[in-house]
Enquirer: 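Questions regarding the structure given below will be posed in turn.
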Amino acid sequence: MIAKLFSQEFISTRRTLLTTAGIMLAVILMGYAVAILRVPILDGLGLGAGIAGSIALTPVVLAVLVAHYWRSMYGAQGYFTMTLPVRGRTIFAAKVLYGIVVSFVAAALTVALLAIAAIALAVSKGAAPLDFIRELFTTLDPGLAWFVAVVLLLQLVFAVVAGAALMSIGAEGRFNHLGFGAPVIFTVVLYFVMQILGLAAMMFLPLGIRVGGPDAGTLVAQGMLPDFLAAVKSSGAAAAEPAVLGLGVFVVSLVLGIVLAWWGARSVDRRTSLR
């Protein structure tokens with residue numbers, strides 16, 4: 001049944017997503033073309049606009065998914081959605097899974113567009129694109145690059161799960177008089193909770209990665225508290241750079257993501273209240 005719901009999600013969103021992505025791609029590629037053709041004055045602006053558009057692509061796609069989720073679950077279409085002969089948690093799971101897949105596709109497209117940006121920059125400077133990209137990759141640590149990629153993908157998953165859950169919780173009967181304001185309020189609250197818990201986890205949870213020295217990139221059973229205390233003691237003197245970056249914040253994201261997924265599914269299953 002999830003496969004059928006997934007297919008329906010694609011049918012319902014494909015026109016909006018393709019139109020939005022198509023317009024953005026046209027603007028982005030036009031900016032890169034201006035840079036490659038070295039149009040005076042406009043080449044720098046075109047390259048900057050293309051890069052900005054590439055970075056904004058995934059957030060814009062997520063915004064389209066947010067609008068669709070709210071409209072199809074708690075707007076005029078919600079009455080039809082809730083008549084489907086499936087449990088609410090199944091509908092929630094299908095929508096979250098679809099959101100994750102679409103956000104991953106958008107992220108992959110963003111990476112491809114940024115690669116085109118590197119080529120456009122190389123051409124605009126009169127350099128060989130392949131040599132420019134090869135030199136760029138030699139400056140990146142492979143382990144760090146993979147780490148950043150995994151972190152960004154995990155954050156996308158968390159964003160999709162949290163967004164769907166907060167909208168469903170905010171649409172419960174006790175909150176739905178606030179309309180879409182309830183999910184917005186919950187998002188702000190979640191942000192501050194994440195900041196506090198994330199900072200505490202980075203300091204105290206014994207999980208980190210070394211960021212300097214010959215063993216940079218190595219996972220260690222240590223948080224950032226020792227480096228923080230050393231920096232406090234050396235206040236007024238030249239404080240040393242932190243040797244360890246705490247990774248406890250990702251444990252917080254994992255735990256909160258699981259809690260929000262359970263809470264959101266339960267809310268759709270038992271406490272859906274259409275206005």
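The analysis underlying the following values was restricted to heavy atoms, covering all of them including side chains, and did not include hydrogens, waters or symmetry mates. Position 1 is the first residue of the sequence; numbering continues from there.
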Enquirer: So, does Ser103 use its side chain to make a donor-acceptor pair with the main chain of Ile100 at under 3.5 Å?
Expert: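 Side chain of Ser103 to backbone of Ile100: a pair is present.
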Enquirer: Is it the case that one hydrophobic cluster holds both Ile23 and Leu109, taking links as side-chain heavy atoms less than 4.5 Å apart, direct or via other members?
Expert: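 Result: no, two separate clusters.
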Enquirer: Give, for atom CG of Leu197 and atom CE of Met202, the distance between the pair rounded to the nearest 0.5 Å.
Expert: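 Between Leu197 CG and Met202 CE, I get 13.0 Å after rounding to 0.5 Å.
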Enquirer: Using side chain to side chain contact (heavy atoms under 4.5 Å, CB included) as the criterion, list what pairs up with Met30, not counting sequence neighbours.
Expert: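 Side chain to side chain contact (heavy atoms under 4.5 Å, CB included) list for Met30, sorted by chain: empty.
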Enquirer: Can you name the nearest heavy-atom pair linking Val161 to Gly257, along with the distance?
Expert: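 Minimum heavy-atom contact is CG1-O, 3.6 Å.
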Enquirer: What are the two closest heavy atoms between Phe104 and Val157, and how far apart are they?
Expert: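 Taking every non-hydrogen atom into account, CZ-CG2, 3.6 Å.
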Enquirer: With the side chain counted from C-beta on, respond yes when Val101 and Phe6 share a heavy-atom pair under 4.5 Å apart, and no when they do not.
Expert: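 Yes, close enough: below the 4.5 Å cut-off.
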Enquirer: Nearest 0.5 Å, please: how far is CG in Leu25 from CG in Leu18?
Expert: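 The CG atom of Leu18 sits 10.0 Å away from the CG atom of Leu25.
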Enquirer: Does the side chain of Met194 come within less than 4.5 Å of Leu190's, by heavy atoms?
Expert: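 Yes, side chains in contact.
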Enquirer: Using side chain to side chain contact (heavy atoms under 4.5 Å, CB included) as the criterion, list what pairs up with Ile119, not counting sequence neighbours.
Expert: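 Ile119: side chain to side chain contact (heavy atoms under 4.5 Å, CB included) contacts with Val123, Pro129, Ile133.
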Enquirer: Show your reasoning for whether side chain to side chain contact (heavy atoms under 4.5 Å, CB included) applies to His68 and Thr16.
Expert: CA-CA 9 Å; His68 171 72; Thr16 304; over 6 Å; no
Enquirer: Should Val184 and Val160 be counted in the same cluster of Ile, Leu, Val, Met, Phe, Trp and Tyr side chains packed under 4.5 Å apart?
Expert: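 Same cluster.
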Enquirer: Applying the 4.5 Å side-chain criterion to the ILVMFWY set and letting contacts propagate, would Tyr191 and Val249 be lumped into a single cluster?
Expert: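 Cluster IDs for Tyr191 and Val249 differ.
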Enquirer: Take Val66 and Phe180 through the test side chain to side chain contact (heavy atoms under 4.5 Å, CB included) and record every step on the way to the result.
Expert: CA-CA 11 Å; Val66 165; Phe180 195 72; 4.0 Å; yes
Enquirer: For residues 14-55, pull every pair meeting ring pair (Phe, Tyr, Trp, His ring centres under 6.0 Å), keeping only residues two or more places apart or in separate chains.
Expert: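 Qualifying pairs, neighbours excluded: none.
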Enquirer: Considering residues at least two apart in sequence or located in another chain, which fulfil the side chain to side chain contact (heavy atoms under 4.5 Å, CB included) criterion with Ala106?
Expert: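 Expected list: Thr58, Val61.
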Enquirer: Looking only at heavy atoms, which two atoms of Ala35 and Leu47 are closest? And how far apart?
Expert: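 What the structure gives for the nearest pair is CB-CB, 3.9 Å.
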Enquirer: Holding to side-chain hydrogen bond (donor to acceptor under 3.5 Å, both in side chains), I want the full list of residues that pass it with Ser168, two or more places apart in sequence or in another chain.
Expert: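 Partners of Ser168 by the side-chain hydrogen bond (donor to acceptor under 3.5 Å, both in side chains) criterion, ordered by chain and then number, come out as Tyr69, Tyr74.
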Enquirer: List the residues meeting side chain to side chain contact (heavy atoms under 4.5 Å, CB included) with Val27, not counting sequence neighbours, and say none if there are none.
Expert: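 If we apply the side chain to side chain contact (heavy atoms under 4.5 Å, CB included) test to Val27, skipping adjacent residues, there are no hits.
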Enquirer: Distance check, rounded to the nearest 0.5 Å: Ile169 atom CD1 versus Phe186 atom CZ?
Expert: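 With rounding to 0.5 Å, CD1 (Ile169) is 7.0 Å from CZ (Phe186).
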Enquirer: Contact between Glu172 and Ser267 at the side-chain level, heavy atoms closer than 4.5 Å - yes or no?
Expert: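 Of all side-chain heavy-atom pairs linking Ser267 with Glu172, at least one is under 4.5 Å.
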Enquirer: For residues 87-98, please give each side-chain donor-acceptor pair under 3.5 Å, one per line with the distance, not counting sequence neighbours.
Expert:
residue : atom : partner : partner atom : Å
Arg87   : NE   : Asp269  : OD2          : 3.3
Arg87   : NH2  : Asp269  : OD2          : 2.5
Arg89   : NE   : Asp269  : OD2          : 3.1
Arg89   : NH2  : Asp269  : OD2          : 3.3
Lys95   : NZ   : Glu9    : OE1          : 3.4
Lys95   : NZ   : Glu9    : OE2          : 2.6
Lys95   : NZ   : Ser72   : OG           : 2.8
Tyr98   : OH   : Thr13   : OG1          : 2.5

Enquirer: So how far is it from Ile116 CD1 to Leu121 CG, rounded to the nearest 0.5 Å?
Expert: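 Ile116 CD1 to Leu121 CG: 13.5 Å, rounded to 0.5 Å.
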Enquirer: So, taking the atom named CG in Leu62 and the one named CG in Leu156, what distance separates them when rounded to the nearest 0.5 Å?
Expert: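 The distance works out to 6.0 Å.
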Enquirer: Could you grab the distance from atom CG of Leu5 to atom OG1 of Thr81, nearest 0.5 Å is fine?
Expert: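 Those atoms lie 9.5 Å apart.
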Enquirer: If Ile, Leu, Val, Met, Phe, Trp and Tyr residues are connected whenever their side-chain heavy atoms lie under 4.5 Å apart, and connections chain through other members, are Val111 and Val105 in the same group?
Expert: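 Not linked; separate clusters.
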Enquirer: Can you give me the closest heavy-atom contact between Leu205 and Gly248, atom names plus distance?
Expert: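 Closest pair (atom of Leu205, atom of Gly248, distance): CD1-CA, 3.8 Å.
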Enquirer: Run the side-chain hydrogen bond (donor to acceptor under 3.5 Å, both in side chains) test against Gln8 and tell me which residues pass, sequence neighbours left out.
Expert: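 So Gln8 forms a side-chain hydrogen bond (donor to acceptor under 3.5 Å, both in side chains) with Ser12.
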Enquirer: Phe250: which residues meet the ring-ring contact (aromatic ring centres under 6.0 Å, His included) condition with it, sequence neighbours left out?
Expert: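 None.
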Enquirer: Name all residues meeting the salt bridge (Lys or Arg N to Asp or Glu O under 4.0 Å) criterion together with Arg71; count only those two or more places apart in sequence or in a different chain, and write none if there are none.
Expert: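 Applying salt bridge (Lys or Arg N to Asp or Glu O under 4.0 Å) to Arg71 gives none.
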Enquirer: Taking side-chain hydrogen bond (donor to acceptor under 3.5 Å, both in side chains) as the test, write out the residues that go with Ser253, two or more places apart.
Expert: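 By the side-chain hydrogen bond (donor to acceptor under 3.5 Å, both in side chains) rule, Ser253 matches no residue at all.
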Enquirer: Is any side-chain heavy atom of Val60 closer than 4.5 Å to a side-chain heavy atom of Leu57?
Expert: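 They are not in contact (no side-chain heavy atoms under 4.5 Å apart), so the answer is no.
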Enquirer: Could you work out, with ring-ring contact (aromatic ring centres under 6.0 Å, His included) as the rule, every residue matching Phe158, not counting sequence neighbours?
Expert: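 Phe158 satisfies ring-ring contact (aromatic ring centres under 6.0 Å, His included) with no residue once adjacent residues are dropped.
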Enquirer: Does the side chain of Pro183 come within less than 4.5 Å of Trp70's, by heavy atoms?
Expert: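 Yes. Closest side-chain heavy atoms under 4.5 Å.
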Enquirer: Taking the side chain as every heavy atom from C-beta outward, state whether Leu29 and Leu113 have any pair of such atoms under 4.5 Å apart.
Expert: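 Of all side-chain heavy-atom pairs linking Leu113 with Leu29, at least one is under 4.5 Å.
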Enquirer: Looking only at heavy atoms, which two atoms of Val244 and Met224 are closest? And how far apart?
Expert: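 Result for this residue pair: O-CG, 3.4 Å.
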Enquirer: Hey, any chance Leu199 and Val151 share a hydrophobic cluster, counting ILVMFWY side chains that come within less than 4.5 Å of each other, even indirectly?
Expert: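 Same cluster: Leu199 reaches Val151 through Ile, Leu, Val, Met, Phe, Trp or Tyr contacts under 4.5 Å.
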Enquirer: Taking Ser54 for the side chain and Leu114 for the main chain, is one N or O donor matched with an acceptor at less than 3.5 Å?
Expert: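 Such a contact is absent between Ser54 side chain and Leu114 backbone.
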